[in-house]
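Inspection log for the structure reproduced underneath, given as structure tokens.
Quick caveat: nothing in here was measured; it's all calculated off a predicted structure. In what follows, chains carry the letters A, B, and so on, assigned in the order in which the sequence lines appear, proteins first and then strands, with residues in each chain numbered from 1.
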Amino acid sequence: MGPAPAPTHSAITLQVNGEKYTLSVDHRTTLLDALRERLDLTGTKKGCDQGQCGACTVLLDGRRAVSCLQLAVAAEGREITTIEGLADGERLHPVQQAFLDLDGYQCGYCTPGQICSAVAVIEEHAAGWPSAATDDVRPEAGVPELTAEEIRERMSGNLCRCGAYVSIVQAVARAAGAEEAAV
Amino acid sequence: MTTAPTRPAAAQGSVGTAHTRVEGRDKVTGAARYAAEIPFTGLAHGWLVLSTVARGRIRAVDADAALALPGVLAVLHHGNAPRLVTDYVGMLGVPDPTAAVFQHDRVPHAGWPVALVVAETPEQAREAADTLAVRYDEEPHDIAFSAARPDAYPVDGYTPAVTEKGDVEAGLAASAVVVDEEYTTPEEHHSAMEPHAATARWDGGRLEVVDSNQGSTWVQSELAAMFALDPSAVRVVSEHVGGGFGSKGVRAQQVAAAMAASVLGRPVRVVLTRRQVFSLTGYRSPTAQRIRLGADAGGRLRVLEHRSWNQTSTVYEFVESSAGPARVLYDAEAHRTSQEVVRLDVPSPTWMRAPGEAPGSFALESAFDELAEKCGIDPIELRLRNEPETGPVSGLPFAGRNLAACFREGARRFGWAERDPRPGVRRDGRWLLGTGTAAASFPVGAGASTAALTAEADGTFTVRIAAADIGTGARTALTLVAADALGTAPERVRVRVGDSAFGSAWIAGGSMGTRSWSWAVTEAARELRERLALSGEIPPEGITVRSDTTEAIGALARKERHSFGAQFAEVAVDVATGEVRVRRMLGIFAAGRIVNPLTARSQLIGGMTWGISMALHEEAVRDRVTGAHYGADLAGYHVATHADVPRIEADWVDDTDPDDPVGIKGIGEVGIVGAAAAIANAVWHATGVRHRALPIRPDRVLTGGTAGV
């Protein structure tokens, strides 16, 4: 008798949108596939499955991450927020409402990732994080103005093939209360 | 029972007013389910295996190791797959054999589907697919596309291969000014954000497919033909579609899923990986184009010759109809156009947003800018001097041609009058600045469609039509059209699309969807109002009428029917780094009556965004040695992202098609037409250098440098 085969599955608990889910997953299962195939949270989209398009963006402990490059087993203990967890009951998150009102989408497939990314962008900006579009990155320079250029730079990990970028940028600016700066 | 409304509840027009998408809430909350997201009990997962050679025969598929892996249920390949019918002519012609999977041992291109591995989970299927040993007898392949190929031949596609009048050579000899240049565009990919996905289930002799496509009755009819079924035994549902752009018809995933579901007797889902999308779902062929223009000193054309070449596969003949714009935009005594193809060991190309017009307008509208430069005439004035009275090739009247109005309005808003025509004289720090313009045109038409319209007992209305909303806003547009046709408010109209059970309808393609479906909805509404006027009460099941526009569309007078537009771009070019940045764009369109300004603007801007992407980024490159792509993914194949896209404005002038019941033309494709040329012309204006090969990559800008700056 040889050694026992290494286990291929583990029981894990994922905390998603404030709820705890316990499930047994194949170790190869990505967080994206666990959400979509196991928890039936299909709002998170699979556009490329290799970290290049941003459609699968979720919030991990409040920071954006592409869930296709996370193994589900490694997401244990993290607070996961998906597109399904943003609205407050019937009341849409301000970013969702701005996308709806300003037509910040067309086919809608990149939209959950764009929205999750935008929610984090607004927080990152408010926390004073600079981007490659920030002129003065010294800490004493304070929070940079959230211009259209800043939004475009910070959102560039999220592809939209329908070409809805113009209204997405407007929607992010509106949700951030930065419409004047982002003209 | 309730009493039928004897008078419409609201008579004010909804068409022409901005409405957010009726499915918008579902899309921003993640509730909208796309093809791979509909739950099925007992679902198995299929993973396609594609050829690693570009030409040859499959010697053997050794499935033993794969079948021995946990969870693996079946391996389908040419040696054991069900036989399909492939010698039929479908709604849009003969099928592309790339979709008719596993029928023989020949491999006509790299990335040809050779097997499907089915397992209990996607992880198991993927591992087994990687394990599958496929051995080939490889043969030398040829993927070298060029216009100089002696084996190029003219093909009549949806338009004639050749049109010809007058004497081109004599005209050129007699012309004061001649432009004679070659232009090239690369292989480009649709890259819809949602990869193709299908789930198939058999119930007795009936096939049900949940799919992502541009026409559910189209896919239904193709699958029925392939599997030798009556169309009534096939149902295709495709409610939300994550982009299509021409790539989402019958593809390997539906056929492979249906085969596997029949073999296993349980539902099977096949989702393409992003890399597989690059070889299985079509693409825009590279083009080589030669344009010869001859004009008098005042810029009036004596000669227009536009020749175009594209590649196609050895198994399917596809013509990229790049001569289209030349046949519509400008006339000349000597007018000659041709479209030829070269057959190579490459995947089959297909329609991609503005097929023909997108690459064709790049060449033609670049050449027109060169003619304007040589004549010393403003590019807009040159175009206005060459406005034809009737169709240059057909001689038919135009059903509305407001191109001149687009240029005038665009010039006013863009500030064109202040433009210094000299190239290479504007600087902003390290940037050279330039502006450019180009004309756009795209054919409009209508395809026969049926619609069912129900007056419900509660006073609301339900429209059922096998339309596809691939992001166009079709659901919302049809809601507004139906509301006006019924004389009611949009809130009282429910539109259901994406189900072949609703009856035959035109596809979301050719910029014809909304027009074709609106026609059917309008016809049904007219009949329903007549019925309601006669019947006092609506029974619990409602009153349903059906329309069919086959006859009405067949009776349409022959005219030159097109949407038009004027594109404007401002660019900044850093010749030290080769970087080109688009600073602003404006497009003014004459595209018929605009049903929903909110979503129409999005669609036109989307097309213009594609123009930026086409001009500066997109290029799929094949390795001559392997015949396969380098970097077939969204890192290797660049599409424009947020940081590439400036503020873009799209607007329109009053326009209509007088023969359409709603006045609609079409807006899905005209937005990309001419956009790349406007950018290339702006790059010339910035640098003094013509870029006749797309995309205008940094290395090309560096090599090109500046001329006389």
Side-chain angles (χ1 to χ4, degrees), chain A residues 8 26 28-29 33 36-37 40-53 55 82-84 86-87 92-93 95-97 99-112 115 133 148-149 151-169 183, chain B residues 20-21 23-34 36-37 39 70 121-124 126-127 190-195 240-245 271 273-274 469-473 598-599 601-603 605-610 612-613 633-635 639-648:
Chain A
T8 60
D26 189 319
R28 300 168 293 189
T29 304
D33 281 341
R36 287 169 61 84
E37 304 289 337
D40 199 32
L41 290 168
T42 55
T44 306
K45 302 305 182 195
K46 184 185 281 189
C48 71
D49 210 18
Q50 47 194 16
Q52 297 168 343
C53 76
T82 71
I83 188 72
E84 290 94 343
L86 290 179
L92 294 178
H93 186 284
V95 174
Q96 292 174 311
Q97 189 66 51
F99 270 66
L100 180 61
D101 293 341
L102 295 172
D103 211 42
Y105 53 21
Q106 289 176 43
C107 80
Y109 199 77
C110 75
T111 309
I115 290 174
E149 200 187 346
I151 295 171
R152 289 181 192 124
E153 175 62 31
R154 291 165 189 262
M155 291 292 293
S156 277
N158 291 82
L159 298 178
C160 166
R161 185 50 161 169
C162 295
Y165 299 121
V166 172
S167 43
I168 292 172
V169 169
V183 169
Chain B
T20 58
R21 290 171 203 258
E23 79 285 9
R25 198 179 173 88
D26 286 346
K27 283 183 174 172
V28 301
T29 58
R33 284 184 186 261
Y34 295 72
E37 299 165 357
T121 72
E123 291 85 1
Q124 292 166 340
R126 181 180 188 173
E127 183 185 2
H190 310 78
S191 308
M193 294 310 300
E194 181 205 19
H240 293 290
V241 182
F245 314 114
V271 182
T273 66
R274 178 54 60 183
D469 192 337
I470 60 173
T472 57
L598 181 69
T599 55
R601 187 166 277 113
S602 293
Q603 208 177 2
I605 289 174
M608 294 167 73
T609 302
W610 273 54
I612 295 174
S613 205
D633 55 45
L634 294 172
V639 301
T641 188
H642 280 279
D644 301 309
V645 180
R647 184 176 175 82
I648 301 174

If every non-hydrogen atom of [X] is compared with every non-hydrogen atom of [Y], which pair is closest and at what distance?
{"X": "A:Q52", "Y": "B:A635", "answer": "NE2-CB, 3.2 Å"}
{"X": "B:A36", "Y": "A:R36", "answer": "CB-NH2, 4.1 Å"}
{"X": "B:A643", "Y": "A:S156", "answer": "N-OG, 2.9 Å"}
{"X": "B:E37", "Y": "A:T42", "answer": "OE2-O, 3.4 Å"}
{"X": "B:T609", "Y": "A:G163", "answer": "OG1-O, 3.7 Å"}

Where on [X] is there a heavy atom nearer than 4.5 Å to chain B: the side chain, the backbone, both, or neither?
{"X": "A:D33", "result": "side chain"}
{"X": "A:L100", "result": "both"}
{"X": "A:Q50", "result": "side chain"}
{"X": "A:T111", "result": "side chain"}
{"X": "A:E149", "result": "neither"}

Most heavy-atom pairs under 4.5 angstrom with chain B, which of [options]?
{"options": "A:V95, A:L102, A:D40, A:L41", "answer": "A:D40"}
{"options": "A:L92, A:D26, A:L86, A:I115", "answer": "A:L92"}
{"options": "A:C162, A:P112, A:G43, A:A164", "answer": "A:C162"}

Exercise for review: Decide if atom CZ of B:R126 counts as having more than 12 heavy atoms of other residues, nucleotides or ligands within a radius under 6.0 Å.
Suggested key: no
Point to revise | From CE (B:M193) to SG (A:C48), nearest 0.5 Å | key: 7.0 Å
**Study point:** Distance (rounded to the nearest 0.5 Å) between B:T20 OG1 and A:F99 CZ
**Key:** 15.0 Å
At a 4.5 Å cut-off on heavy atoms, which part of [X] comes close to chain A: side chain, backbone, both, or neither?
{"X": "B:T472", "answer": "neither"}
{"X": "B:S602", "answer": "both"}
{"X": "B:H190", "answer": "backbone"}
{"X": "B:V645", "answer": "both"}

Between [options], which shows the greatest number of heavy-atom pairs under 4.5 Å with chain A?
{"options": "B:S191, B:G243, B:A31, B:G473", "result": "B:S191"}
{"options": "B:V639, B:I648, B:D633, B:V241", "result": "B:D633"}
{"options": "B:T273, B:L598, B:D26, B:V28", "result": "B:V28"}
{"options": "B:A192, B:A640, B:A32, B:P39", "result": "B:A640"}

Is any side-chain heavy atom of [X] less than 4.5 Å from a side-chain heavy atom of [Y]?
{"X": "A:I151", "Y": "B:H642", "result": "no"}
{"X": "B:T641", "Y": "A:Y165", "result": "yes"}
{"X": "A:R161", "Y": "B:L634", "result": "no"}

**Study point:** Residue among B:R601, B:R21, B:Q603 satisfying side-chain hydrogen bond (donor to acceptor under 3.5 Å, both in side chains) with A:D103
**Key:** B:R21
Review point. When you measure from the side chain of B:K27 to the backbone N and O of A:Q106, does any donor-acceptor pair fall under 3.5 Å?
Key: yes
Review point. Between B:R274 and A:D49, is the closest basic N to carboxylate O distance under 4.0 Å?
Key: no
